[in-house]
Structures are given as structure tokens and as C-alpha cells.
K.L.:
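My structure is below; once you've seen it, I'll send some questions.
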Amino acid sequence: MAESPLPSPTPHPDPLPSRERGYGDHESSEDPLHVLRHSTAHLLAAAVMELYPDAKYGIGPPVQDGFYYDFAFSKPISESDLGAIESRMRRIAQEDRPFVKEVMSRHQALDEFRKRGQDYKVELINDKVEGDEVTVYRTGDFLDLCRGPHVRSTKELKAFKLLRVAGAYWRGDEKQPQLTRIYGTSWPSAKELEEHLKFLEEAEKRDHKKLGKDLKLFMVDERVGPGLPLWLPAGATIRRELERFIVDEELARGYVHVRTPDVARLDLYRQSGHAKLYAEYMYPPIRFEDGEELELRPVNCPHHIVIYQSELRSYRELPLRIAEIGNNWRYERSGTLIGLNRVRMFALNDAHIFCTPDQLMDEVKSSIDLALYFSRVLGIDEFSYRLSTRDDAKEKWLGTEEQWQVAEAALSEALESMGQKYERGVGEAAFYGPKIDFQVRDAHRREFTNSTVQVDFQLPERFDLEFVAEDGSRQRPVMVHRGAAGSMERLFSYLIERYVGAFPTWLHPVQVVVIPITDAERDYAKRVVERLRKAHLRVEIDDRSERMQRKIRDAQARKVPYMAIVGGREAESEHVNVRDRAGGQTDEALEAFVERVAEEVAERRR
RNA sequence: GCCCACGUAGCUCAGGCGGUAGAGCAUUUCCUUGGUAAGGAAAAGGUCCCCGGUUCGAAUCCGGGCGUGGGCUCCA
């Protein structure tokens, strides 16, 4: 298979630590924007402490586009309280209070924070601060454990806004008390603040949930259930095109495609390890009176393994690439569901490559190459790589240290040899092995994994996989799990936002709307429709008794790529007057138009 | 699952400090046949998310659910 030239992904603008960190973990950044936002967080805490003297404060770092601060309030607060807090912040900002750095002894600092009843700060000093010196910052009466740096004075904080409140567990731990997090945004100037608020508004309009409803792409209904979207005809059309494209490309690259059931006996997942290590996401098994236990599959791998084992495999057959767009059922916690990005059943563009250890590197590389090819054709031009590795929690992972190292080396080497840059995600691995994740962002700049490539030595062992080697001996294959285009749901969600509903012609649910100007052109319009259909294009006729302007407006709202407008002149000359969704207008012979659109579709131009 | 907000017609949203609701768009019918982003008229459309409580009376107040959105934890 051809290794196409690899484009480097465009890095995300201003990448920030993806995970919130406690004092001591988070970098004390010199970045002026971070300093500004961090200082605004202190300002927020100062205002909160004036208004709610018995509140306890946790941590307050800068984050993407802004900052937050966590508090424990004696009485819960809500978004309606933010106005008052913000006014108090402005007042303090006006007062021109300096940010004063002080270094205290450990003992002195503990004493200070104890005196103020700030238990969380005391805990942080005890757990996180090493040595005997503790750096604190004072802003008027407000005292915070902090490395800084900060702006000189509160007066430099001019363009900020509190956005929302949310619950957040202390130190990111579900077992710890939940604090009230206040999010805000802060910028050097009012103009930038304005622009950012504008961006948030725009993001709202691009949101796939909104467009999905407006363009009738998909829906959710509580009678069906949360996290279980229904693909409407328009959305299903796009999905069908995507699936055809994906499957055809995989077949061309030496994959075989299979179809396997959405359920299997629970024992299969006992053997794979999912029943134990993945239990929290699995639906309760369906139990029958005769003792049968069927499980909705959370992953496809065991089914594909069964197919692998349906014959004695020779080294000559390897690599064997078994692919399927298979449904995966995962009972995600209700609070985590997000539109199409996080659902309870999704269809994964999945494949399992069974190969010899020698073939591993090539298979990893070609998996990456395939993901890049899909990205290029589909227009996924903003993503970053994450090499997801295990952490030290022994009970979470299968296999030996050494196997993990080999697998990880294969992945990082593959990336490096392809000249790709990546970040590390410690603790983000699958339980059976490390993976390369392709991270994309949604309209609100939230990061999601779409494509993924994983190396696995565990499942081959658990299922005792083998192949017959050249010398006749039985050997163990390695597995590569890969989702090249990711899940259909996430992919779709990404594409909706990427194109703001104006999908490339090959994907668009309706490629051409034929608009007769008066009833006199109806017959000709119908012939135009037939001609376009014959070229396998998706066509509609708009012969409502409405004015042409109205029909154009409606087609435009649906972001239909082409409007073929036919009046007397066109009917006379076998022409169509074509208006595209960008507003361009041309007059052309019907045949020329058919040919040109068919070609655009065939080439999957965007 | 936890925190905050929200849930009124198919959609977007008004209204309502307790006396059973309204607009625009969409839908249906009629009129209109108009050359590049909304022609006109009429009609129809609502257990005001659900269940309980308070009350002479609840869409409105209270309690409990469910769902959606944004966070947290977690992840394709």
C-alpha cells in the first residue's frame, strides 16, 4: 500500500494543560496572558472572600481563554450571584491594590492559613510544598498560597467576565468534597474580551447539536433514551456516503470486512478481561432462565478474535486485517453525555490487525497513514497526536512492564519516523496497551479522541492466538487495534461543525435542487431531475407554488450546494441556470452541468 | 453519578408574584405563476416535561423524578 506523503497536522492554537493541576503541579507560567488570568483568579477570590467571609478557597489557575477558582461556600451559590461578585471585583480592581509577594517559613504560612480557617491551603502546604520556604501573594487582605508571578496591581485587570459556576471535586478526586468552581474569562483589553464573547456566540451557532436539529440530521428523544441518537434521513445519507468511502478505501488497502453481532456471551468478555477491567461501562448482561448470559458488546475485538481463530492461520496470511463498522455499547454516566460526541451506542470504524512482531511497525505506520488519508479527504485539518501510556496503578493494566515498553516504543518510533510531533497522555492507555490518539476539537474547543491506533500483546495471550510460522512452529501474533476514522458519531459531529452544515457536495444530503420558475417549466424541470438522478446524484425538485426567490432562500438555508434554476429560456435551450450556495451564478448546458457535478462528487472534492 | 442552569405549539421564544396561554417561522387550504435569499389570506396546532403535595382553583407555589446544556470525574 502506498505511503502517501504525510502532512503535518496543524497544531491547535494555544494548547494548554489538558488537565487541571493543583499547586505544585501546574506550571508557574511567565506567559503574560496566563499571568493576567491567574491574577484575575486572585481578584475573584478576593471579591468572594469579602462577600462570603466564611468561604474556603481551593485553587485558581489560568485555563484556556480564562481562569477559574474553586470555593467551598457555607450556602450554595448560583449563577445569579455572579453579578454581585463581578461588581465587587471591579471595585477592588479600581482600588489599585498591589499584588505583593512574600516568602514565609513553612510554620508561619501554616499558621497564617490556619488562622484564616483556610483548610485547603493548609492541606496543600502539607502535601505539596517541599522545603521550608512558602511563597504567598497578598492582595489587600486576601492571602493566597502561590508562586506567581502576578501583575503589579489589580488596576491592570480591566477586561474580565464571570461566566458560570460548576461543581468540581477537590483535587480532581470524586471521593473528595465537591467545591463550587467559578469560571471567568480575562483579557488585556475590552476589545479582546468582546471578541472572545463573540467567539462563544459563534461557537453556539456552529454547534453540531444546533445544526443537527436545524438541518434535520439527527435527533434524540427521551422515549428512546439519553445518549441514543436517531439518524434522520439527511444524516443517514451522509453516514452512508462516509461508510462507503471508508469501506472502499479499506478494501483497497488490504482489509477484509466482516459483520458480527452486537451481543456475545458474557464469558467472551470474561476471557478478554473486559468484564473485569471495563465493567463500569458495560450494560448489565441479559440473563435467561436457562442460565444464558448475553452481553451488549462494549468493543469489537473479541468478535474479530473469534473470526481469526476460525481457521488455523499461516504466516502467509499475515497481516490479517479484519475490519468492521461495528456498534459498541457503553453505559456512560448520564452527566457525561454530549450530543453525538459522547453517546451510549456508537459505530466504530474499527479494525484488528493480526500480524507478526516483525510486521508490527509497518502496520502501525500504515494505520497512521490511513487515518491521515481519511483526515485529508474529509477535511479534518486540525488535530494533534497524543501518545497515551499507562500510569503506575497496577490493577488497571494487563501484561508485563516489558510488553508495554515494546508496544510504546513501536508507537513512538512510528510517529517519529513519520516526522510527527506528539504529546504524552500518561494514564490514558487502553487496559491492554498504549495507543496513539488523534485529538480533534469541537466548536467549543473541547478535545476529543477520534482516530486511534493501539498495540496489544495481551489479548493474543488471553485468547491463546497462534499462527504457523515458516519453520512449522506455532507463534503468537501481535494485534493492532485501530479506528481510522473514529466513531461515525464523533466523525459526523466533527464534520457538521467543520463545514457548519455546508458539507462537500459528495457528502451533502441533497446535491442539487431544481427550481422551476413557473409551472410552465415543470416538465422540463422533471427531465432535469431525471437526468441528474441517472448520474447518481441526489436531487430534489422544488415545485411548490412559491416564488423563485423563496425557493432559493430555502435551498440556501439548507446549504444545498447547487440550485438548478430553470425558466423559459433554459427550457428552450436545454440549459440550467446554476446558482451555488456561495452565491455564484452560471448559465450552462444541462449535460455540462451534470458532468461537472458528477465529477466533483466522484473526486470527493471539497 | 455529582454541581449549576434550563424544560411553554414541529422550531425559536414571549407571558404568567395562583383564576386552564401568545407571537414569528414551519404545517394545511385557497389565491398568486413571480428571473437569483421570505407574495397574500385563512385554518389548524398546547396534559405549559412527568408524578405527587398545598389550595375552592396549579402551567405558575412546594417536594420528588425525567430530560437537555455547561462543568467535575470518566472516555471512541
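Proteins get letters first, then strands, A, B, ... in listed order; numbering begins at 1 in each.
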K.L.:
Select one nucleotide: of B/rG35, B/rC4, B/rC75, the one nearest the side-chain heavy atoms of A/R569.
P.N.:
B/rG35

K.L.:
Just how far, in rounded Å, is P of B/rC75 from CZ of A/F448?
P.N.:
14 Å

K.L.:
Could you tell me whether the side chain of A/R550 has a donor or acceptor atom within less than 3.5 Å of a complementary atom in the base of B/rA38?
P.N.:
no

K.L.:
Would you mind telling me which of B/rC4, B/rG39, B/rG71 lies closest to the side-chain atoms of A/E546?
P.N.:
B/rG39

K.L.:
I need the CZ-P distance between A/R558 and B/rC25, as an integer number of Å.
P.N.:
19 Å

K.L.:
Could you state the atom-to-atom distance from NZ of A/K216 to C1' of B/rC25 in whole Å?
P.N.:
12 Å

K.L.:
A cation-pi test, strictly: NZ or CZ of A/R181 under 6.0 Å from the centre of the six-membered ring of A/Y68 and no more than 45 degrees from its axis. Yes or no?
P.N.:
yes

K.L.:
Could you check A/E222 against A/Q556 and say which one's nearest nucleotide on RNA chain B is further toward the 5' end?
P.N.:
A/Q556

K.L.:
Have a look at A/D456 and tell me which of A/H481, A/K435, A/H352 forms a side chain to side chain donor-acceptor pair (under 3.5 Å) with it.
P.N.:
A/H481

K.L.:
Starting from P on B/rG35, measure out to CZ on A/R547 and report it in whole angstrom.
P.N.:
8 Å

K.L.:
Just name whichever nucleotide pairs with B/rG24, Watson-Crick or G-U, keeping both distances under 3.5 Å, else none.
P.N.:
B/rC11

K.L.:
Apply the test ring pair (Phe, Tyr, Trp, His ring centres under 6.0 Å) to residues A/Y562 and A/F593: give CA-CA distance (whole Å), side-chain angles for both, the deciding distance (0.1 Å), then the verdict.
P.N.:
CA-CA 10 Å; A/Y562 296 106; A/F593 175 62; 5.8 Å; yes

K.L.:
If I take atom CD in residue A/Q585 and atom C1' in nucleotide B/rA37, what distance separates them, rounded to the nearest angstrom?
P.N.:
12 Å

K.L.:
Report yes or no: is there a donor-acceptor pair, N or O only, under 3.5 Å between the side chain of A/R342 and the base of B/rC75?
P.N.:
yes

K.L.:
For A/W231 and A/F492, run ring pair (Phe, Tyr, Trp, His ring centres under 6.0 Å): C-alpha distance rounded to whole Å, both residues' side-chain angles, the deciding distance at 0.1 Å, then the answer.
P.N.:
CA-CA 11 Å; A/W231 295 64; A/F492 192 31; 4.9 Å; yes

K.L.:
Do A/R223 side-chain and B/rC49 base share a donor-acceptor contact under 3.5 Å?
P.N.:
no

K.L.:
Tell me which nucleotide, if any, is Watson-Crick or G-U wobble paired with B/rC2 when both distances must be under 3.5 Å.
P.N.:
B/rG71

K.L.:
Whom does B/rA44 pair with, Watson-Crick or G-U wobble, provided both distances fall under 3.5 Å?
P.N.:
none

K.L.:
Using only heavy-atom distances, decide whether a donor-acceptor pair under 3.5 angstrom links the side-chain of A/N577 to the base of B/rU36.
P.N.:
yes

K.L.:
For the side chain of A/E428, counting heavy atoms from C-beta on, which of B/rC75, B/rG71, B/rU36 is nearest?
P.N.:
B/rC75

K.L.:
Quick check for you: among B/rC4, B/rC3, B/rU33, whose closest atom lies nearest to any side-chain atom of A/S78?
P.N.:
B/rC4

K.L.:
The side chain of A/E570 lies closest to which of these nucleotides: B/rG35, B/rC4, B/rG70?
P.N.:
B/rG35

K.L.:
I'd like to know if A/R579 reaches the base of B/rA37 with its side chain, counting only an N/O donor and acceptor under 3.5 Å.
P.N.:
yes

K.L.:
Could you tell me how far apart A/H208 (NE2) and B/rG69 (C1') are, to the nearest whole angstrom?
P.N.:
12 Å

K.L.:
Compare the minimum distances between each of B/rG70, B/rU73, B/rC75 and the side chain of A/D207, then state the nucleotide with the smallest one.
P.N.:
B/rG70

K.L.:
Please walk me through it: do A/Y69 and A/F71 pass ring pair (Phe, Tyr, Trp, His ring centres under 6.0 Å)?
P.N.:
CA-CA 7 Å; A/Y69 215 115; A/F71 304 94; 5.2 Å; yes

K.L.:
Can you see if the side chain of A/K551 gets near the phosphate of B/rA38 - specifically, an N or O under 4.0 Å from OP1 or OP2?
P.N.:
no

K.L.:
In whole angstrom, give the distance that lies between atom CD1 of A/I77 and atom C1' of B/rA5.
P.N.:
13 Å

K.L.:
Whom does B/rC56 pair with, Watson-Crick or G-U wobble, provided both distances fall under 3.5 Å?
P.N.:
B/rG19

K.L.:
Please report the distance, rounded to the nearest Å, between CE in A/M563 and P in B/rA37.
P.N.:
10 Å

K.L.:
Please evaluate residues A/E202 and A/K205 with respect to the criterion salt bridge (Lys or Arg N to Asp or Glu O under 4.0 Å), reporting the C-alpha separation (whole Å), side-chain torsions for both, the decisive distance (0.1 Å), and the verdict.
P.N.:
CA-CA 5 Å; A/E202 290 301 313; A/K205 289 182 199 155; 3.3 Å; yes

K.L.:
Taking the minimum atom-to-atom distance to the side chain of A/E174, which one of B/rU73, B/rG35, B/rA76 wins?
P.N.:
B/rU73

K.L.:
Considering only side-chain heavy atoms of A/Q549, which listed nucleotide, B/rA76, B/rC72, B/rA37, is closest?
P.N.:
B/rA37

